[in-house]
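Working notes, structure below.
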Amino acid sequence: MSDDNNNEQNPFEQIFGMLFGANGPGSGQGEDKYGNAGPQGFQIDPAMMSTIMNQMQGLFGQGADPQAQATSIAQKSVPSPDPAVGDEAVKATTDAFRLAELWLAEATEFSVSNRTARTVTRAEWVSETMPGWQKFVLPIKANMSSALTETLETQVPAEMKGILAGASSMFGSMSDSMFAMQIGQAVGALSESVLTGTEVGLPLLPHDTAVLVETNVEKFASEIDVDASEVRIFLAAQELAHLALFERAPWLSAQVETALTRYAQGLKVDTSQIEDMATQIDPSNISDLSDNIRQGLFNPPTTEDQKKALTNLENLLAVIAGWVDVVVYSACAHLPGRDQIREALRRRRATAGPAEKTFSTLVGLEFNPRRLRDAAALFGYLETQGGTEARDKVFSHPDLLPTTQDLDDPLVY
């Protein structure tokens, strides 16, 4: 077959031809190397096919628990060093949360007491937040699986459908494992910079659990040249405020899940990336496929509907972050470095760092509320006009949540 004709093959013809055919698809020969007749256009090597199938089942962990698989991959992706938390840091964190609780009680009527407050390592943050991540990315995982299955059914060469008919369960497990690889590596990468349990704006931990990631807190304090004790207090206040908000308005979690579900409904497998992979697969070293997938091989393109859903999600996260920003700034009036800490955190939330970009590439989501300042301006205005009651009343009902238009013009809201 000519090069031109090869270029016209769909990506799955290329992949399956390379994996299962001695000379690739469309070779024009109707017998395999054993002299057995195969479907016209493919040189089927039964031994090779069996080997490949076994390798793929092992590679993607068929039968393994996806959450355990994701946690294991995340743990391996945690950057080093990740030192244990010392007694001095434990005491400093306990004191920071105690003081933050007292100050917040004067800044909001939302309950911030009765929390289990701890400082953790990066690896501990990964293990403890993974169930929460699994919950929030479930719609993406489910629709990724259905999208991949649909693509396989529509694009697998006709000659191969009979051979692969009994492999549907394997492909389902493969899809789950592929996503476990992606979310595992993404969360592992995020552990390098995350400061608290709620920093991304999602209730990843139970409402009575508040945590700081000690190594990252110390690094952040050094980067912005503010005493670590002040940073701990400010971050402890943020953590408690987030938890109090999600406890007072439990429907916020449902709002986030709805936005994620709407985004996930538009997921499609990016066949152009699969086509690129087809030119690089080495059937004798199929483990390379794992590395490709971990680099976002099946990361789908963003459609207009997805962009709209992501805008809604970003708006919701900005509203949450804006309220926390205003409340914590007010509560921490006694901290000399509160302005410097606040500005550094605002810049951090508005721009995606390397870890956040990795997460976005692997999972297709961004958790950067770029309109945090606009949301904070709205809550600040409400506070000046009607006090803390008017500011906090926003979360008394879902219909009162500010829209994108409200963030554009707080006076209208």
Side-chain angles (χ1 to χ4, degrees), residues 71 74-108 110-133 187-247 324 327-329 331-338 340-342 344-345 348 355:
T71 302
Q75 293 284 9
K76 295 175 183 177
S77 302
V78 172
S80 297
D82 185 27
V85 178
D87 293 340
E88 186 177 338
V90 170
K91 182 179 184 306
T93 299
T94 300
D95 292 342
F97 272 106
R98 184 179 294 116
L99 185 56
E101 181 179 324
L102 292 174
W103 287 354
L104 280 171
E106 299 178 359
T108 179
F110 289 7
S111 175
V112 296
S113 59
N114 300 320
R115 314 290 179 187
T116 301
R118 296 181 298 116
T119 182
V120 298
T121 64
R122 292 166 173 170
E124 289 170 338
W125 177 85
V126 164
S127 296
E128 295 185 28
T129 61
M130 186 57 73
W133 283 116
V187 173
L190 203 58
S191 71
E192 181 177 13
S193 60
V194 70
L195 299 171
T196 70
T198 60
E199 185 178 8
V200 296
L202 303 178
L204 299 173
L205 294 167
H207 294 319
D208 61 350
T209 302
V211 302
L212 301 183
V213 184
E214 179 61 26
T215 297
N216 297 342
V217 170
E218 291 181 354
K219 180 181 177 182
F220 176 68
S222 176
E223 289 173 347
I224 66 174
D225 195 25
V226 175
D227 187 87
S229 62
E230 290 193 44
V231 173
R232 282 195 189 91
I233 295 170
F234 199 97
L235 292 174
Q238 279 203 335
E239 180 80 337
L240 292 175
H242 267 111
L243 295 176
L245 179 57
F246 280 109
E247 183 177 61
V324 170
V327 171
V328 170
Y329 184 76
C332 294
H334 300 298
L335 286 183
R338 70 165 180 166
Q340 192 172 344
I341 299 171
R342 183 194 205 187
L345 289 171
R348 175 186 174 90

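What you see is a predicted model; the values in this text were computed from it and never measured.
L345 is listed as a side-chain neighbour of F234, based on a closest heavy-atom distance under 4.5 Å. Two residues are said to be in side-chain contact when any heavy atoms from C-beta on lie closer than 4.5 Å; L195 and V213 fail this criterion. Contact check for V211 versus T129: no side-chain heavy atoms found under the 4.5 Å cut-off. Looking at F97 and E239, their side chains come closer than 4.5 Å, going by heavy atoms from C-beta outward. Contact annotation: the side chain of V187 approaches that of W125 to within less than 4.5 Å [non-hydrogen atoms, C-beta and beyond].
Between A244 and S111, the shortest heavy-atom contact is CB-O, 3.1 Å. Residues C332 and R338 approach most closely at O-CD, 3.2 Å, considering heavy atoms. Heavy-atom minimum distance, L205 versus G197: CD1-CA, 4.2 Å. When all heavy atoms of P79 and S191 are compared, the closest pair comes out as CD-OG, 3.5 Å. Residues G188 and V126 approach most closely at CA-CG2, 4.4 Å, considering heavy atoms. Across every non-hydrogen atom of P83 and T121, the tightest pair is O-CG2, 3.4 Å.
Rounding to the nearest 0.5 Å gives a distance of 12.5 Å between CH2 of W103 and CG of L240. To the nearest 0.5 Å, atom CG of residue L104 and atom CG of residue L99 are 9.5 Å apart. Here CD of Q238 is found 7.5 Å from CD of E199. Values are rounded to the nearest 0.5 Å. The CD1 atom of I341 lies 7.5 Å from the CG atom of L235; values are rounded to the nearest 0.5 Å. Interatomic distance, CH2 of W133 versus OG1 of T71, reported as 13.0 Å (0.5 Å rounding). Going from atom OG of S77 over to atom CG of L190 covers 11.5 Å, rounded to the nearest 0.5 Å.
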E223 and R348: CA distance, side-chain angles, deciding distance, salt bridge (charged side-chain N to carboxylate O under 4.0 Å, His left out) verdict: CA-CA 12 Å; E223 289 173 347; R348 175 186 174 90; 5.6 Å; no

**Prompt:** Going through the distances and angles, do K91 and D95 end up as a salt bridge (charged side-chain N to carboxylate O under 4.0 Å, His left out)?
**Reply:** CA-CA 6 Å; K91 182 179 184 306; D95 292 342; 3.0 Å; yes

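Annotation: E88, atom CD; neighbour count of heavy atoms from other residues, nucleotides and ligands within 6.0 Å does not exceed 12.
Q75 is linked by a side-chain hydrogen bond (donor to acceptor under 3.5 Å, both in side chains) to S127, counting only residues two or more places apart in sequence or in another chain. Every residue was checked against the side chain to side chain contact (heavy atoms under 4.5 Å, CB included) condition with S222, not counting sequence neighbours, and none meets it.
Legend: side-chain hydrogen bond (donor to acceptor under 3.5 Å, both in side chains) pairs involving residues 206-219, not counting sequence neighbours, sorted by first then second residue: T119-E214, R122-N216, E214-R232.
Checking each of L243, L245, V327 against F110 for a side-chain contact (heavy atoms from CB on, under 4.5 Å) leaves exactly one that passes, namely L245.
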